[in-house]
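Right, one structure below, let's go through it.
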Number of protein chains: 2
Amino acid sequence: MKQLVRGERARRVLEAIILEYISGGVPVGSRALAKRYGLNVSPATIRNVMADLEELGLLYQPHTSAGRIPTDLGLRVYIDSILKIKQLSSADRERIRRSYKGGVARVEGLLKETSKVLSSFSKQAGVVLTPRLSLTVFKRIEFVRLRAKMVMTILVSQAGIVHNTIFEIDGDISQEELDKYSRYLNDMLQDLTLHQVKARLLDEMKKEKVLFDRLLSKALELSQKALQENLEDSEIYIEGRTNLLDNPEFADVEQMRRIFNAFEEKSKIIDLLDKSMSAGGVNIFIGSESELLDMGSVSFITSPYTSGDDILGTLGVIGPTRMDYSRIIPLVDYTAKLLSKMLGEAL
Amino acid sequence: MKQLVRGERARRVLEAIILEYISGGVPVGSRALAKRYGLNVSPATIRNVMADLEELGLLYQPHTSAGRIPTDLGLRVYIDSILKIKQLSSADRERIRRSYKGGVARVEGLLKETSKVLSSFSKQAGVVLTPRLSLTVFKRIEFVRLRAKMVMTILVSQAGIVHNTIFEIDGDISQEELDKYSRYLNDMLQDLTLHQVKARLLDEMKKEKVLFDRLLSKALELSQKALQENLEDSEIYIEGRTNLLDNPEFADVEQMRRIFNAFEEKSKIIDLLDKSMSAGGVNIFIGSESELLDMGSVSFITSPYTSGDDILGTLGVIGPTRMDYSRIIPLVDYTAKLLSKMLGEAL
DNA sequence: ATTAGCACTCCTCTCTACGGAGTGCTAAGA
DNA sequence: TCTTAGCACTCCGTAGAGAGGAGTGCTAAT
């Protein structure tokens, strides 16, 4: 990719255009570039370079007599081979840390808070994907008899995530009996991932058919039901949507509607975040690169977060392709690490 | 209020204007009224009536040569003393019932689903306020030792609402010990509202000071911690925000921003819904009537929902003041009753 | 009390004109 | 061969003028 932009000067022009465009939001012309950035060449020369960059598909001209705008590809090249990502200043880190008020009362709350932090520091929308249950480690299961034939299962993972399911059972079961089940299961399933738990349960059920142990049988059946669903589901917390309204490129209502529709549907955003979960470190999707979402010129900057050694989910920032990547990339990176640390402490 | 609009004809004109405005969205003039509604009078007469209604503050003229638009007060009069609220047709009821897919796997899910139902049937935004914990009836408490000194408390209410808190404790406590605590508490607190639970705990703590029972002491202390916060907090589920974008009156970006800001902040909306919780039946806030929210010309139609005899929360529809009240009022009413029934069955 | 007629107001849409920004090209200079 | 000054050209955005239309309020007649 780096080879696409041969000369040092071309690279500097591309950078200058992108910086200017990011801060200004309007097509940038040759004169402004020559003046403001110390390129020491005339506008005419810059125009020649620009024409070359346009031919390479890195720049784009909205109309004949307008300045240039970087294309998604242009931004990609810039991010991959020009931008030097700096660390967040320690003052910024401090400010981020402080903006988490109070302790970790609930994991949910922590995630939502994180999403808010991302949004307020990036001035864009912050997003956090909740942990996939199947990836978490089993800690505890409880059954609660809500009333005749109605049972609630509560599942707690090591990272402190709580999940409950209500379902109907055939015959009524007393709370004492349910407590026996859960004691039994809690012993058996310690330290397995929920994925493994599921397998283990199936396994035990086969054995049990031979043993005819009624206690086991019921316990296994109930826990199966609880695990049947939702193991692969994730939710997302999106905060700061309205920050996007401040970006002039989203001023027209049609564009807006598309973005907010995507926010409302969520499933596509979840898919995208999901995809970036396995890839370690900061991921960047620029505009059309995330084709499935027809959100127009929107970029995602994401990073997975962990608890201990387990990848739990993904967090990130959603903003216009015209975003201050140099600030937001380290922000997302640091926030992911910070959240991982906090989840590690809570666990 | 009824006296404001003296004549029968004036009332009919007001009604006609509102109906026309609701369906069309543009100021309505005297000619269109005379033609379309069987008023059997000439436009000139209608103009006279309109002038009267305007003087009363029920109508409003955007500019000299425009037709009339009902004011918030006009809509209020219409809703209170002209509109006859019909029942939802049984076909509609059936369709609503069917749109709840599957059973009640989780209360949360059920509430979110309800919010979606409200939004899709109203073509506006649907909103559901989650139950205030303090109003719910205690069912069960569990303690889970996450790791040294870290304990999670899980609280289950009779209606199937689960709430968890993670906190740090001074000395480490084994899971076995924690189980003892919860067994003790579960016996003690059965069938109290969480509000009462809190009082009861304080009570017991006083007694315990005399008895010096270490088990009691610890158990009480932990549960106190868990209940310390969040009892009064509510969340809301808002679905179908983008439906509001289809309303022409929200076409301009500034108006939009205000509404979405309110959605983002939530706390003010929660306050409003909270207020309408105690008042039974369907509540309506028209535009400026809910002053605290500067959402512009937005109306709320809300109704509390229950589980058994307890009021749990509020649900409703948010839309432009220009909304089809005759359809949406019974929709909200029915949905609230349906949700109450479903929660009653699950509990 | 109602209504036909009419002058008047104000909005909205379209068309045109014009200044400005930025380009590409050409030809001259280093 | 690369750079640059100069220039004609293109296209956007805005402002202003004018026409058409919808709707009103008033007056006078029924």
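Side chains included, hydrogens not; waters and symmetry mates left out as well; all remaining heavy atoms used. The chains referred to below are lettered A, B, ... by the order of the sequence lines, with proteins before strands, and numbering in each begins at 1.
In this structure, CZ of R47(B) is placed 11 Å from P of dG23(D), rounded to the nearest angstrom. Here the P atom of nucleotide dT4(D) and the NZ atom of K35(A) are 16 Å apart, to the nearest Å. Rounded to whole angstrom, the span from the CD1 atom of I17(B) across to the P atom of dT24(D) amounts to 9 Å. The CG atom of L59(A) sits 16 Å away from the C1' atom of dG24(C) (whole-angstrom rounding). What separates CD of E20(B) from P of dG23(D) is a distance of 10 Å, to the nearest Å. What separates CD1 of I46(B) from C1' of dT2(C) is a distance of 12 Å, to the nearest Å. Taking atom CG of residue L53(A) and atom P of nucleotide dT23(C), one finds them 13 Å apart after rounding to whole Å. Rounded to whole angstrom, the span from the CG atom of L33(A) across to the C1' atom of dG22(C) amounts to 12 Å.
Rounded to the nearest 0.5 Å, atoms OG1 (T242(B)) and CD (E264(A)) are 4.0 Å apart.
Counting only heavy atoms from C-beta on, S65(A) has its side chain closest to dC11(D) among dT3(C), dG25(D), dC11(D). The side chain of A44(A) approaches dT4(D) more closely than any other nucleotide in the set dT3(C), dT4(D), dT23(C). Minimum atom distance to the side chain of V41(A) is reached by dT4(D), of the listed dT24(D), dC25(C), dT4(D). Picking from dT23(C), dT24(D), dT3(C) the nucleotide with the shortest atom distance to the side chain of S30(B) gives dT24(D). Distance from the side chain of T45(A) is smallest for dT4(D) among the nucleotides dT4(D), dC12(D), dG25(D). The H63(B) side chain lies nearest to dC11(C) when the options are dT3(C), dC11(C), dT4(D). You'll find that the side chain of S42(B) is closest to dA4(C), out of dA4(C), dT9(C), dT4(D). Considering only the side chain of R9(B), dT2(C) comes nearest among dG6(D), dT2(C), dT24(D).
When atom types are taken as modelled, the side chain of S115(B) and the backbone of E239(B) share a donor-acceptor pair closer than 3.5 angstrom. Q61(A) places a side-chain N or O within donor-acceptor distance of the main-chain N or O of A66(A), the cut-off being under 3.5 Å.
At dG24(C), one or more side-chain N or O atoms of R68(A) fall inside 4.0 Å of OP1 or OP2 (strictly under the cut-off). For dC10(C), one of the phosphate oxygens OP1 or OP2 lies less than 4.0 angstrom from a side-chain nitrogen or oxygen of T64(B).
If N40(B) and G29(A) are placed on DNA chain C by their nearest nucleotide, the residue sitting closer to the 5' end is N40(B).
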Which is it for I96(B) and L331(B) under the side chain to side chain contact (heavy atoms under 4.5 Å, CB included) test, yes or no, and what are the steps along the way? CA-CA 9 Å; I96(B) 292 175; L331(B) 167 69; 3.4 Å; yes

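Aromatic ring centres of F260(A) and F260(B) lie closer together than 6.0 Å.
The base of dG22(C) lies outside donor-acceptor range of the side chain of R31(A), with no N or O pair under 3.5 Å.
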